[in-house]
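Worksheet for the structure shown next.
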Amino acid sequence: MSAVSDRLPTFPWDKLEPYKKTAAAHPDGIVDLSVGTPVDPVPELVQKALIDAADSPGYPTVWGTPALRDAICGWLERRLGAREVTHRHVLPVVGSKELVAWLPTQLGLGPGDRVAYPRLAYPTYEVGARLARAPYETYDDPRDLDPAGLKLLWLNSPSNPTGQVLGKEELTEIVAWARAHGVLVVSDECYLELGWEADPVSVLHPDVNGGSYDGIVAVHSLSKRSNLAGYRAAFIAGDPAVLGPLLEIRKHGGMMTSAPTQAAVVAALGDDAHVHEQRARYAARREALRSALLSHGFRIEHSEASLYLWATRDEPCWTTVAHLADLGVLVAPGDFYGPAGDTFVRVALTATDERIAAAVARLR
């Protein structure tokens, strides 16, 4: 057992516990802006679809129902501008974190097969490489990487934690570079529907990929757009030559989304109204927090999309975490996402309007 666990770093969120206790001691209670977990209700039409499918005694399929695959294909074309998407181009997964953590292993990567991800990044990209015993490295611009032995290139736009967005031209050039060197591109686009000062584009868009899905896979989640983090609902889309073998591996591993969840995803992907309503909630919270942080002496960088504000007071991130904890506000230290974040904190927009208002009052 230890042979696997010893490959992994210390779980970063455990380090926040003392600061969480400090923040929780505030007379008006904690405002937890550390983890990007949704707090708003699951849309009623999604709940209804889940309930209507509750009598599901049989095993679900790993590939999902035809209705689910139809819903994913339709959403990719309607929302992302993808073209000629068929069932062969899509695959449901049990939440995007599971996919990120196990993809290198399921691709058959190991020692000598390099994995690369952004210098500031979601920690699970590194975890996935470690689980596969594959060497890993970070980048500022992936085109500066040595392509020899590079097997998996993670993109993340909009970025977690910074909210930075890769423009269409840059994405196009990266995809072309990766294809020229035989490198698989996997683009984590889970925050794509949460653009504020930018309009994020997918690698599945024909302007980026030239009308071909060869060598590219996009990762999408319903956790943030539809408040379905508790349902574990996500999917990947792209190159059938990659997704086909993954489907077979996942069949053997029994990695299947529950049948009620599949029905809920069909409902969620077929409705845009609840997404617009949730965006409006986050937009209001973002503006309130952004203004309060600026008035408190913070500088905010990037943050043009996603569910976070990437903020700094130009001091060690844990000093900032401690300062805000004294005010009853808990945030994530930037070094959770790499050494380059050691003077930043990530401030999540995922708290109720009442708790956001409390944080704003304390900051001002």
Side-chain angles (χ1 to χ4, degrees), residues 80-83 96 99-100 103-104 107-130 132 134-192 195 197-220 236-239 241-243 301-306 310 334 337-342 344:
L80 304 190
R83 295 291 178 265
S96 58
L99 183 279
V100 172
L103 183 61
L107 290 173
L109 304 188
D113 299 321
R114 291 164 48 233
V115 175
Y117 53 86
R119 192 170 303 281
L120 283 164
Y122 184 47
T124 312
Y125 303 133
E126 177 186 332
V127 167
R130 284 175 175 252
Y136 53 89
E137 60 194 278
T138 63
Y139 63 80
D140 291 314
D141 185 331
R143 293 164 292 183
D144 294 333
L145 294 167
D146 179 359
L150 182 61
K151 300 297 184 182
L152 173 57
L153 174 63
W154 283 106
L155 304 182
N156 182 208
S157 175
S159 163
N160 174 15
T162 70
Q164 186 174 13
V165 173
L166 296 175
K168 184 182 291 185
E169 182 178 346
E170 187 173 7
L171 274 175
T172 302
E173 293 176 358
I174 291 170
V175 167
W177 176 89
R179 282 175 169 166
H181 296 290
V183 178
L184 174 64
V185 172
V186 181
S187 180
D188 183 345
E189 302 174 352
C190 289
Y191 296 92
L192 187 135
E197 297 160 6
D199 188 13
V201 64
S202 171
V203 295
L204 301 178
H205 195 286
D207 289 352
V208 173
N209 60 43
S212 168
Y213 300 118
D214 291 350
I216 57 173
V217 173
V219 182
H220 284 273
I236 56 177
D239 191 346
V242 177
L243 270 57
E301 292 191 0
H302 301 302
S303 306
E304 59 258 33
S306 84
W310 187 238
Y337 309 95
D342 63 2
F344 285 80

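Note that the structure is predicted; figures quoted are calculated from it, not measured.
- Residues passing the side-chain contact (heavy atoms from CB on, under 4.5 Å) test with L243, sequence neighbours excluded: L91, V217, I236.
- Note that CH2 of W177 is 9.0 Å distant from CG of D141, once rounded to the nearest 0.5 Å.
- In this view, N209 satisfies the side-chain hydrogen bond (donor to acceptor under 3.5 Å, both in side chains) rule with no residue, not counting sequence neighbours.
- Every residue meeting the side-chain contact (heavy atoms from CB on, under 4.5 Å) condition with A178, not counting sequence neighbours, appears here in chain and number order: V183, V185.
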Verdict with reasoning, V219 to C190, per side-chain contact (heavy atoms from CB on, under 4.5 Å) | CA-CA 7 Å; V219 182; C190 289; 4.3 Å; yes
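- Between L155 and I174 there is a side-chain heavy-atom pair separated by less than 4.5 Å.
- Between F344 and W310, the ring planes lie parallel to each other; the angle is under 30°, not in the 30° to 60° tilted range.
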Check step by step if side-chain contact (heavy atoms from CB on, under 4.5 Å) holds for L171 and V201.
-> CA-CA 9 Å; L171 274 175; V201 64; 3.5 Å; yes
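- Among all heavy-atom pairs drawn from A218 and S202, the shortest one is CB-OG, 4.4 Å.
- A distance-only check finds no donor-acceptor pair linking the side chain of E197 to the backbone of H302 [under 3.5 Å].
- In this structure, L184 and V242 have side chains that are in contact, with non-hydrogen atoms separated by less than 4.5 Å.
- Not counting sequence neighbours, Y136 has no partner by the ring pair (Phe, Tyr, Trp, His ring centres under 6.0 Å) test.
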Starting from the C-alpha separation in whole Å, work towards a yes-or-no answer on side-chain hydrogen bond (donor to acceptor under 3.5 Å, both in side chains) for D188 and Y125.
-> CA-CA 10 Å; D188 183 345; Y125 303 133; 2.7 Å; yes
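- Taking 4.5 Å as the limit, every side-chain heavy atom of P118 sits out of range of all side-chain heavy atoms of Y337.
- Annotation: the span from Y139 atom OH to L153 atom CG amounts to 5.0 Å, rounded to 0.5 Å.
- In terms of the side-chain hydrogen bond (donor to acceptor under 3.5 Å, both in side chains) criterion, residue partners of Y191 (sequence neighbours excluded) are, by chain and number, Y308.
- Under the salt bridge (Lys or Arg N to Asp or Glu O under 4.0 Å) criterion, R119 pairs with D140, not counting sequence neighbours.
- In this view, D199 satisfies the side-chain hydrogen bond (donor to acceptor under 3.5 Å, both in side chains) rule with no residue, not counting sequence neighbours.
- Sorted by first and then second residue, the salt bridge (charged side-chain N to carboxylate O under 4.0 Å, His left out) pairs with a member in residues 146-167 form an empty list; sequence neighbours excluded.
- In this structure, L145 and T138 approach most closely via the heavy-atom pair CD2-O, 4.2 Å.
- Side chain of S212 to backbone of D214: a donor-acceptor contact under 3.5 angstrom is found.
- For residues 152-163, every residue pair satisfying the side-chain hydrogen bond (donor to acceptor under 3.5 Å, both in side chains) rule, not counting sequence neighbours, is listed here: S159-T162, N160-R346.
- The backbone N or O of I216 sits nowhere less than 3.5 Å from a side-chain atom of D239 that would complete a donor-acceptor pair.
- Looking at residues two or more places apart in sequence or on another chain, you find a salt bridge (Lys or Arg N to Asp or Glu O under 4.0 Å) between E126 and R130.
- In this structure, H220 and L80 approach most closely via the heavy-atom pair NE2-CD1, 3.4 Å.
- Considering every non-hydrogen atom in both L120 and G338, the closest pair reads CD2-O, 4.2 Å.
- A pairwise comparison of heavy atoms in P104 and A129 identifies CG-N, 4.0 Å as the closest pair.
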Might you work through the side-chain contact (heavy atoms from CB on, under 4.5 Å) test for V208 and K168, ending with a clear yes or no?
-> CA-CA 6 Å; V208 173; K168 184 182 291 185; 3.9 Å; yes
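- Every residue was checked against the side-chain hydrogen bond (donor to acceptor under 3.5 Å, both in side chains) condition with R83, not counting sequence neighbours, and none meets it.
- Under the rule for a side-chain contact (heavy atoms from CB on, under 4.5 Å), the partners of E169 that lie at least two apart in sequence or sit in another chain are E173.
- Here the shortest heavy-atom pairing between D113 and G108 reads OD2-O, 4.1 Å.
- A heavy-atom distance below 4.5 Å is found between the side chains of V186 and L152.
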